[in-house]
Engineer: 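Dumping the structure here so I can ask a few things about it.
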Amino acid sequence: MLKVKNNGNLIIISGPSGAGKGTICKELIRRNENIIPSISFTSRSIANGEKEGVDYFYISKQEFENKIKEGFFLEYAIVHNNDYYGTPKDKVLEYLNKGYNVILEIDIEGALKVKEIMKDVLCIFILPPSMKELRNRLYKRNRESEDKILARFKKAYQEINEIKKYNYVVVNDEVINAVNKIEAILLAEKCRVDRIEELDLDTLEESVHEDLIKRDK
Ligand code: 5GP
């Protein structure tokens, strides 16, 4: 028998605004019942088409600062020079301990903090197919003012400069391709030899790998 550790991975997805992180995460979660999203808290206001408790939990700056003092967050950051965004610690740990993969869609500052304090963290950077396409996507989604769009586009260059701090890079040309690649990364992670707990050479059938990626939720 080949028995491997079945604790979940913490998957961090980062990349510039408009690279398609949100769509990729939604599709990964839809296709894999062992992937759970972490819903972040933010002090920014709710945007068109977003839902409380689905996209974020929306709280005031004061409430956010109180939660920082209570030690509520695994990590938090001020993003786009303006608003707080943070990952709730207890929920993430609870799901990882149950064996789920937990997905965090967070910025680079948060990603690096999490990498320092947690093990089994997979940092995946999502790139758009081109900067021209990124710009088009930012305008098309019609969520922010012209000023904000330009600021996000500028910031994209700085973010991409940090790409070497990540473990994997995935180009989002088509969502389905990007999702397939991330599923392959997760499967490869599960096959790492440092996950082996027991290896009985008489009966070598795998007891775990068949249920690694469960489809069709
Ligand atoms: P948006 O306002 O477009 O939803 O998100 C802005 C940025 O905040 C994105 O780059 C996103 O990855 C990042 N973000 C969202 N939630 C968190 C979080 O909990 N922590 C950190 N550090 N960044 C976050």
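Both counts, for ligands and for their atoms, begin at 1 and track the order of listing.
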Engineer: Can you name the one residue among Pro128, Ser17, Pro129 that meets side chain to side chain contact (heavy atoms under 4.5 Å, CB included) with Leu134?
Structural biologist: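 So, applying the side chain to side chain contact (heavy atoms under 4.5 Å, CB included) to Leu134 and each of Pro128, Ser17, Pro129, only Pro128 qualifies.
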Engineer: Using a strict cut-off of 4.0 Å, indicate which atoms of ligand 1 neighbour a heavy atom of Lys21.
Structural biologist: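 Answer for ligand 1: 9 (C), 10 (O), 12 (O).
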Engineer: Can Arg44 and Tyr85 be counted as having a side-chain donor-acceptor contact under 3.5 angstrom?
Structural biologist: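 Looking only at side-chain atoms, Tyr85 and Arg44 do form a donor-acceptor pair, the distance falling under 3.5 Å.
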Engineer: For residues Asn180 and Arg31, is any side-chain donor paired with an opposing acceptor at under 3.5 Å?
Structural biologist: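 Checked: Asn180/Arg31 side chains pair up, N/O donor to acceptor below 3.5 Å.
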Engineer: Testing the basics here: between Ile126 and Ile13, what is the closest heavy-atom pair and its distance to 0.1 Å?
Structural biologist: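 So the minimum-distance heavy-atom pair works out to CG1-CG2, 3.6 Å.
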Engineer: As an exercise, identify every atom of ligand 1 less than 4.0 angstrom from a heavy atom of Tyr56.
Structural biologist: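 The list of qualifying atoms is 1 (P), 4 (O), 5 (O), 15 (C), 16 (N).
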Engineer: Using a heavy-atom cut-off of under 4.0 Å, does the side chain or the backbone of Asp107 touch ligand 1, or both, or neither?
Structural biologist: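 Both parts.
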Engineer: May I ask you to check whether Ser40 has an N/O atom sitting below 3.5 Å from an N/O atom of ligand 1?
Structural biologist: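 Yes, at least one N or O pair falls under 3.5 Å.
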Engineer: Within less than 4.0 angstrom of ligand 1, does Glu109 place any heavy atom?
Structural biologist: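 Under 4.0 Å: no for Glu109.
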Engineer: One residue to check: Lys155. Relative to ligand 1, which of side chain, backbone, both or neither has a non-hydrogen atom less than 4.0 Å away?
Structural biologist: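 Looking at Lys155 and ligand 1, no heavy atom falls under 4.0 Å.
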Engineer: Does ligand 1 come near enough to Tyr85 that some N or O of the ligand is less than 3.5 Å from an N or O of the residue?
Structural biologist: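 Yes, at least one N or O pair falls under 3.5 Å.
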Engineer: Please tell me whether Tyr166 and Ser14 have a donor and an acceptor in their side chains that are separated by less than 3.5 angstrom.
Structural biologist: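 On atom types as modelled, these side chains qualify, holding a pair under 3.5 Å.
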Engineer: If we only count N/O pairs under 3.5 Å, is Ser17 in contact with ligand 1?
Structural biologist: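 Ser17 vs ligand 1: no N/O contact under 3.5 Å.
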